[in-house]
Amino acid sequence: MKPLSEQHADLVVSAIQAAQQAGDLPAFDIPEVPINPSKRIEQGDFASPVAMALARVAKMKPLDIANAIVAHLPAADFIESAEVSPPGFINFRLSKLWLIDQINVLIEQGDTFGNLDIGHGKRAQVEFVSANPTGPLHVGRSRGAIVGDAVARILEAAGFEVQREYYFNNAGVQMKNLGESLRVRYLEALGQPVEIPDESASWFYQGEYLKDIAQQLIEEQGDALLDADWQPFKVYAEAAMFKVIKETLARVDIHHDAFFNENSLFENNAIWDVLDALDKGGYIYKSPVREGESEDVIEKNKDLAPATWFRSTRFGDSEDRVLVKSDGAPTYTLPDIAYHKNKIERGFDLLVNVLGADHYTQHQVVKYGIQALGLDASKINVILIQMVRMVRDGKEVKISTRRGTYETLDDLIDATSADAVRYTLAARNPNSQMDFDMDLAIRRSNDNPVYYIQYAHVRCAGILREAQTRGFSDDGADLSLLDEEALRFMRKCLELPDQIRFAAETLSPHTIPHFALEIANQFHPMYDRVRVFGEGVDPELAKARLRFYRAVQAMFKRMLKLMGMSAPEFM
RNA sequence: GCCUCUGUAGCUCAGUGGAUAGAGCAGCGGUCUUCUAAACCGUUGGUCGGGAGUUCGAAUCUCUCCAGGGGCGCCA
């Protein structure tokens, strides 16, 4: 389905061309034609201010341009009329017959209603969550998880084939610490004399979850690991952590298609290939300090073993970056560049990274690296998630996974609901910082807009249930009997393709929850006025209204699924 | 200091260069013998952070100033 605004725009373009050929408009290059849903009933259903924009280039009054366009407008089944309104707006009104037809289209298409094909034949990848398996997902990760999955769903609706990927590192010092920590808990659980490190031991993961995992390990393997070092513990802990993480994500209906291990880039030498390629391009130098440092800095560091530097300043970076440390170990940046190279080579047309805002600089450097490799860095799109501050009792809750004082995503879901978490975190512009008030989320969960939207679905389901008990069918309904208000609601539903297009093109998933709220906001007042089984409602009209509400229910189900939320029949 | 994000109703936030800036919550006053009142109806509430500029037209684009968050590591 093509967005209605585009269909209107196509007509306007044809009209301008026809007017130019007829000599009613002078020759000029036709710009992109803006079409917006009208805000007021008297201004029709869709409106275009294109005549105002053309006034200068056509050297004519906007009103005259608008009239010329309308005069040459081709006929279309979805258009009832086009009128010109000062200072030069063109107001389109949708055909009632066509609109009525869309009710059946909505029922037939159901969960695919509003789908586009702008991504037709294209593959997109969304990389999100990507937390190392050192503990349960803490609440600070929630926003990125929800936003990432929301984007993936929108891209799917836009016609892309989407892969959800999770990037992780299981080889670092943090994973070793996790293994060591589990070992301590294991020995403790077996009653061995072992000292439990206190909070001052920064390497030790204090979280309760490691005690549970130690218990599991004993059930499975008894005391077989009494003399083992940290490594088998790390392997066991990692598997256990991933299981927990996946289960948590599944609660909010998030499922990754691929898990990419950073370590594989070491094992297949990908990172060293990248380093060689950068070197061949002249982007690498070895030195104890950055090029261009002052004499005293050079002097101070002259005994330091040389590190390997990336000349990212060639691409506008404020300073060069280290790729390989003095001790010969790569920094995080090198595998990250290799990872993105790998992604591009896998043939995706569109790459989306959902990252915390604190990764801004790191991501820039990766893009410079991709450029230096001669690859198309513009394929990489980044959604930077601004911080979520967890607030309780009006005070910020500090989160530290290692000390075990975290609030997990699981906690948040338990305290509210999966649907509330999805809606609340998806409804905000990722660029905006937000405070997540834990008290508010718990105490006032009934005030959440999520219930307002779901209740609309419930009410439709209620009507259909009532019809069933009464043995009342909408077979052969004459939809031309339908109320103006119902048709206005249908018109609003037809904005969905435009909404999906905008969200997909700008990677702005938060617009969909807002649209869903708008739809619900138009629904509830109508529900009170447009009754199916009300007193004095003609049976034929009731039949038409019943069919209409069948479509409305399909619409809400569609919206809720698009947001990864449940569509309850009862509340 | 440099980079970046944010500033819109009491609060939380939408808003794609277009017509009279919106929603939810909170507030105030009403409405259930009805397909679920988790709802509806009415109503209060705005120098779109300040200033200048571009434009036929600016919450939206540019500049500048103010305020707040984040980042500027041979950490990941």
Side-chain angles (χ1 to χ4, degrees), chain A residues 5 34-36 38-40 42-43 47-50 52-53 55-56 61-62 85-89 91 132 169 172-174 262 288-290 301 304-309 317-319 321-333 335-336 356-362 364 384 386-387 389 424 427-435 437 440 444 446-452 454-456 458-467 469-470 472 498 501-502 505-506 508 510-511 513-515 517-518 520-521 523-529 531-535 542 545-546 549 570-571:
Chain A
S5 67
I35 306 278
N36 308 306
S38 300
K39 285 175 190 144
R40 281 161 235 287
E42 64 272 18
Q43 292 167 356
S48 180
V50 69
M52 271 88 85
R56 170 170 298 206
K61 285 182 195 160
S85 164
F89 288 97
N91 292 330
N132 289 339
N169 168 15
V173 67
Q174 287 186 17
E262 179 191 325
V289 295
R290 281 188 185 85
N301 293 287
L304 194 65
T308 305
W309 297 81
D317 202 355
S318 57
E319 55 190 32
R321 310 285 171 169
V322 172
L323 294 182
V324 183
K325 295 182 269 183
S326 300
D327 65 5
T331 61
Y332 177 82
T333 308
D336 214 7
D358 53 341
H359 283 66
Y360 175 78
T361 307
Q362 173 63 24
Q364 290 292 346
L384 285 178
Q386 294 292 328
M387 295 249 303
R389 290 196 327 149
T424 307
R428 276 158 185 76
N429 188 328
N431 283 335
S432 296
Q433 298 137 226
M434 66 179 284
D435 286 355
D437 189 328
L440 202 69
R444 303 200 339 197
N446 279 354
D447 298 332
N448 199 304
V450 68
Y451 297 95
Y452 191 72
Q454 287 179 319
Y455 189 49
V458 168
R459 284 180 135 179
C460 292
I463 296 171
L464 292 163
R465 264 198 309 276
E466 178 68 17
T469 24
R470 293 183 187 219
F472 190 85
D498 270 307
R501 181 183 62 159
F502 178 78
E505 285 178 351
T506 61
S508 309
H510 66 288
T511 54
H514 280 275
F515 179 65
L517 188 57
E518 271 179 43
N521 205 33
F523 167 83
H524 286 292
M526 175 181 69
Y527 171 92
D528 264 32
R529 289 189 285 263
R531 313 288 291 182
V532 175
F533 302 113
E535 229 168 278
R545 286 177 174 176
L546 181 61
Y549 280 115
F570 300 91
M571 275 170 72

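Throughout, a chain's letter reflects where its sequence line sits, starting with A, and its residues are numbered from 1.
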For every nucleotide of nucleotides 41-46 of chain B, 5' to 3': is a protein heavy atom under 4.0 Å from its base (B), only from its sugar-phosphate (S), or from neither (-)? S-----
Sticking with atom P, work out how far B:G15 lies from B:U60, rounded to a whole angstrom. 14 Å
Please write out each protein N/O paired with an N/O of nucleotides 17-21 of chain B under 3.5 Å, distance rounded to 0.1 Å.
{"residue": "B:A19", "atom": "OP2", "partner": "A:K39", "partner atom": "NZ", "Å": "2.8"}
{"residue": "B:A19", "atom": "N6", "partner": "A:N91", "partner atom": "OD1", "Å": "2.5"}
{"residue": "B:A19", "atom": "N1", "partner": "A:N91", "partner atom": "OD1", "Å": "3.4"}
{"residue": "B:A19", "atom": "N1", "partner": "A:N91", "partner atom": "ND2", "Å": "3.3"}
{"residue": "B:U20", "atom": "O2'", "partner": "A:R40", "partner atom": "NH2", "Å": "2.7"}

Distance from A:E319 atom CD to A:T361 atom OG1, nearest 0.5 Å? 9.0 Å
Rounded at 0.5 Å granularity, tell me how far OH in A:Y549 sits from CZ in A:F523. 5.5 Å
Decide whether A:S5 and A:R501 meet the rule of one side-chain donor and one side-chain acceptor closer than 3.5 Å. yes
What integer number of Å spans the P atoms of B:A76 and B:A59? 47 Å
What residues form a salt bridge (charged side-chain N to carboxylate O under 4.0 Å, His left out) with A:R470, not counting sequence neighbours? A:E466
Taking only the C1' atom of each, what is the distance from B:G57 to B:G1 in whole angstrom? 39 Å
Using atom C1' in both nucleotides, what's the gap between B:G53 and B:G46 to the nearest angstrom? 24 Å
Side chain to side chain contact (heavy atoms under 4.5 Å, CB included) against A:R428, all qualifying residues, sequence neighbours excluded: A:R143, A:T424, A:M434
Could you check if the base of B:C32 is syn or anti? Syn means the glycosidic torsion is within 90 degrees of 0. syn
Kindly confirm whether the side-chain ring of A:F502 is stacked on the base of B:U16, judged by centres under 5.5 Å and planes under 30°. yes
Could you write nucleotides 66-76 of chain B as a row of B, S and -, 5' to 3', where a protein heavy atom under 4.0 Å of any base atom gives B, of only sugar-phosphate atoms gives S, and otherwise -? --BBSSS-BSB
Ranking A:T511 and A:L464 by the position along RNA chain B of their nearest nucleotide, the one closer to 5' is A:T511
Go through RNA chain B and write down every stem, that is, every run of at least three consecutive Watson-Crick or G-U wobble pairs with distances under 3.5 Å, as range with range. B:1-7 with B:66-72, B:10-13 with B:22-25, B:27-31 with B:39-43, B:49-53 with B:61-65
